[in-house]
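Predicted, not measured: the structure shown is a model, and the values here were computed from it. In the text below, chain A, chain B and the rest are named by the order of the sequence lines, each starting its count at 1.
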There are 2 protein chains.
Amino acid sequence: MLSSPLWTATAILPARTYYDPRMVTIADVARAAGVSPSTVSYVLSGKRSISETTRRRVHHSIRKLGYRPNAGARALASSRTNVLALVVPMRTDLNVPVVMQFVTATVAEARSYDHDVLLLTADEGPEGLHRVAASALADAIIVMDVEAAEPRVPVLRSLGRPVVLIGVPDDTRDLACVDLDFTAAGSDCVSHLADLGHRDIALIGPSPAVYERGTSYAGRFLRGFEQTAADRGVEAETMACVPTYDGLRDVLDHLLSRRRPVTGLVVHNEAILGPLLSELAKRGKRVPQDISVLAVCPPDLAEAQSVPLSSVDIPATELGRLAVELAMHQLGGLAELDVKLLPPRLTARGSTGPVVA
Amino acid sequence: MLSSPLWTATAILPARTYYDPRMVTIADVARAAGVSPSTVSYVLSGKRSISETTRRRVHHSIRKLGYRPNAGARALASSRTNVLALVVPMRTDLNVPVVMQFVTATVAEARSYDHDVLLLTADEGPEGLHRVAASALADAIIVMDVEAAEPRVPVLRSLGRPVVLIGVPDDTRDLACVDLDFTAAGSDCVSHLADLGHRDIALIGPSPAVYERGTSYAGRFLRGFEQTAADRGVEAETMACVPTYDGLRDVLDHLLSRRRPVTGLVVHNEAILGPLLSELAKRGKRVPQDISVLAVCPPDLAEAQSVPLSSVDIPATELGRLAVELAMHQLGGLAELDVKLLPPRLTARGSTGPVVA
DNA sequence: ACGCCGCGTGTTAGCGATAACTTCCAGGCC
DNA sequence: GGCCTGGAAGTTATCGCTAACACGCGGCGT
């Protein structure tokens, strides 16, 4: 009784069939709609004209059967996967929310082109890029956190697939790049403070490690900052800052004890914004009356501080959008292989004010 | 002269061939090695024994030609994509670094099983799950940020594919779930403070929105917290806290002005840790002499504060690892469809101390 | 009236793997 | 010597879809 035939039949099903959902195929749909498979395919792709009545019947059968094209079969036949590979950095010294914002923007934008996103981490290195390209896992590749002397550039160029870089390496030949115009951003920060009458300012930059590995945006921001400071006759000092309380205290000790203390700070280091404000408060420095603070960070971070910060946006969402768009254009055959820099937008929020004599 | 034949020939190449890398196929390898395609396949999959000499010749040809199996073809023939889908939340009210840590851990672990990760965002909803499952884009699905009354559960159950949830919904039948044991964590926090002599403590929880939408971890933590407080005879108050300065100030105003002010705080809200410490400092409360602070957050966050915080880990990396492992087991046919809760680990770092009478 | 055009569809040859079925051969056993 | 066994490798059907090619038919120009 315990081992009835029915029970046995169920139990001896091989494990692998547990997860083998019987799928509806294009042939099923064609049969149901009384047309040929290719007609169904063409209805879906729109690559040739189909009469209104046929189109309707096909769509009806598709819905009724719940048909979804098999991605593998489609990729095999069309050599298009409808997948974008996105390589995210593994660094702990960059701002994680910004990365995440970029990632989600990329996924959302990819979906709007009917594509999905395959996530790779930078620690797979060039080998990972080869793997994804050569095994036809993705149609195009987007790479974040590009360094000036980016070691992956030669590989990327040889992949035979569209590539979009977020960031600007030294050698951009045949490569599509997008980024914020950090040079202009650095320049705008100085101008903003100079316009308010500041003559002694400082840049608190990212951790020394960031500069040392030649991350391109840090250097470009610095260049814009220093150049414009020189042009405007503003005394400007730059200090890299490790993102810890001790690092920050050292920096402030120095900047505030100078013969002519700084009256304006430009902070290109998201991680220390919160600590910086508490530390300034602790030292009795009011923002902006005693010292102006101008940040480079996403708007929500700027707004979430004890004093809403004037800031230059990091347009992560916009960059994600743009990166996908460029990849799609390349896939469409329109090669715009150049560097696209988004103009910075500076929003004054009250943490910057005129110098009080 | 300007339009030499060569130049013309280059220019009229149709756009679509630009990115059509001629790929090495299994047949190429077989030919080069003097064996049949299936032999190459078997060498790669190890699904039947191959003599040492043939294996070597095949491997040699593979390397020489730089062969990589075409993912689409492989998926079609084997009905295995070697891809895991990962659904990440789109909420702004949860801790982004924790999510990111989880994501990268998942990718890394998936790679160690020779799988890739397809990234989906929760805002695609159940439709997105259907899409990925029915079009055979992924073999299994991992879903983060599960709510108690999780609306996606029925869909997930009907997908016909392995599913792993991060978090614990009310109805876990036939579903694999992993999470931190938040109930135990809440309990441990109370015990830690009670052991130090605290008799008046408070839980500063996540934003009210988190409780309202029934996020399962928040409720479980709260339950453990309150239960153990009752057991230990500790006076315990709970306050949800919107992650802004104003929200935090309101909470502190209340807690510190009580007839018997709290001597210990449990903070289950990463976003306000920094602000909380500055605010306490501003009010002249020393940590831990005047008030103990115990956080629930990743260790690096706990260490990066002005006072290194005693904390209960959020084991994001471990959870990612485990989620992938469970998915793989299901794919292997061993269904362990139950709830796996990781025991909490509390690390004392100096922000908690005995009550001073 | 003839042929040509172009629209709407059907037919079918791949795409590049996998794996079920064969085949071949060398030993061992009776 | 015939027969069975089992290891090693070849043959080929198949996976589901796309797109090149083929076809019939009605209208139109000459």
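Here the side chains of Thr25(A) and Asn70(A) are not in contact, with every heavy-atom distance at 4.5 Å or above. Under the 4.5 Å side-chain criterion, counting only non-hydrogen atoms from C-beta, Leu165(A) is not in contact with Glu150(A).
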Q | side chain to side chain contact (heavy atoms under 4.5 Å, CB included) assessment of Arg63(B) paired with His59(B) | A | CA-CA 6 Å; Arg63(B) 265 192 307 277; His59(B) 273 132; 4.2 Å; yes
**Q.** Chi angles and distances behind the side chain to side chain contact (heavy atoms under 4.5 Å, CB included) call for Thr81(A), Leu118(A)
**A.** CA-CA 11 Å; Thr81(A) 60; Leu118(A) 198 76; over 6 Å; no
(Q) Using side chain to side chain contact (heavy atoms under 4.5 Å, CB included), reason through His130(A) and Glu124(A) one step at a time and then give a plain yes or no. (A) CA-CA 10 Å; His130(A) 260 129; Glu124(A) 270 205 76; over 6 Å; no
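Distance, Asp28(A) CG to dC15(D) P: 11 Å, rounded to whole Å. Rounded to an integer number of Å, the gap from Ile50(A) CD1 to dT18(D) P is 13 Å. Atom P of nucleotide dG7(D) and atom CD of Glu52(B) are separated by 17 Å, given to the nearest angstrom.
Arg157(A) and Asp171(A) are joined by a salt bridge, as a carboxylate oxygen and a charged side-chain nitrogen come within less than 4.0 angstrom of each other.
Heavy atoms of Ser79(A) sit nowhere under 4.0 angstrom from any nucleic acid atom.
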Q: Would you give a per-nucleotide map of nucleotides 11-18 of chain C, 5' to 3', where B means the base has a protein non-hydrogen atom under 4.0 Å away, S means only the sugar-phosphate does, and - means neither?
A: B--BBBBS
